[in-house]
Amino acid sequence: DTEVTQTPKHLVMGMTNKKSLKCEQHMGHRAMYWYKQKAKKPPELMFVYSYEKLSINESVPSRFSPECPNSSLLNLHLHALQPEDSALYLCASSQANLGGLPYNEQFFGPGTRLTVL
Amino acid sequence: GQQVMQIPQYQHVQEGEDFTTYCNSSTTLSNIQWYKQRPGGHPVFLIQLVKSGEVKKQKRLTFQFGEAKKNSSLHITATQTTDVGTYFCAGRTGTASKLTFGTGTRLQVTL
């Protein structure tokens, strides 16, 4: 299984809502990532988890809260978002070496298209 | 912070013509990866280059990593309509976990 799955595919939420994005992979990868992608722009890294520990937070606002419950799952909890947070949210995974450093290719999920009203 | 620029931003070619996108980093890279994103899709890994001056080929695609490990290129020979999409380079510095994506080149191919 070389697939990363993400749910939901689409999400519309108000600025006062709380919602969660989910990501799952069964490739045995120990590095998982959240990216944000605006239209016609490259993916921007938000968070990196390595061996279920948060290793990178790219100064993301606290209204985005990541969680890695186990080696296969990655969540992104959303609360009090702003309209400018509307974007495609991509999850990715990759192998990580014994030192915990990601390497090799990243496998991306199809993304969740988020609209904040 | 690290910046990775790609040129051109957009290119429109006729099927059968060649295409090249160039990637330039503001810092020396430990390795560089290339991804393709089809319209409405997600990035898909194409290749990774690690060594200075490395050249790799995949059918009609040729990838090159510069001698100084600060630039890279992707050349497509005889484009096909299936090559349509945005091509991103993505670089990693040192042993960093972070992959920084280039600005991307959008390729349009018409018959």
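All of these numbers come straight from a predicted model, not from anything done at the bench.
Within the structure, the salt bridge (charged side-chain N to carboxylate O under 4.0 Å, His left out) test picks out the following pairs touching residues 62-72 of chain A (sequence neighbours left out): A:Arg63-A:Asp85.
Transitive grouping of hydrophobic side chains (ILVMFWY, heavy atoms separated by less than 4.5 Å) keeps B:Val44 and B:Leu61 in distinct clusters. In this structure, B:Phe65 is a member of the same hydrophobic cluster as B:Ile76, with clusters built from ILVMFWY side-chain heavy atoms closer than 4.5 Å. If you chain together hydrophobic residues whose side chains sit under 4.5 Å apart, A:Leu88 and B:Tyr35 fall into the same group.
A 6.0 Å sphere centred on NZ of A:Lys38 holds more than 12 heavy atoms belonging to other residues, nucleotides or ligands. Atom CE of A:Met13 has more than 12 neighbouring heavy atoms from other residues, nucleotides or ligands inside a 6.0 Å radius.
Contact of A:Glu58 with chain B is made through the side chain alone, with heavy-atom distances under 4.5 Å. Looking at B:Thr86, there are no atoms closer than 4.5 Å to chain A (heavy atoms on both sides), in backbone or side chain. With a threshold of 4.5 angstrom between heavy atoms, B:Gln37 approaches chain A through side-chain atoms but not through N, CA, C or O.
Remark: the A:Gln106 side chain and the B:Gln33 side chain contain no N/O donor-acceptor pair separated by less than 3.5 Å.
Scanning all heavy atoms of the two residues, the minimum distance from B:Pro43 to A:Pro43 falls at CG-CG, 4.1 Å. The two atoms that bring A:Lys41 and B:Phe88 nearest to each other are O-CZ, 3.9 Å, heavy atoms only.
Each of A:Phe107, A:Phe108, A:Tyr35 was checked for a side chain to side chain contact (heavy atoms under 4.5 Å, CB included) with B:His42, and the lone residue meeting it is A:Phe108.
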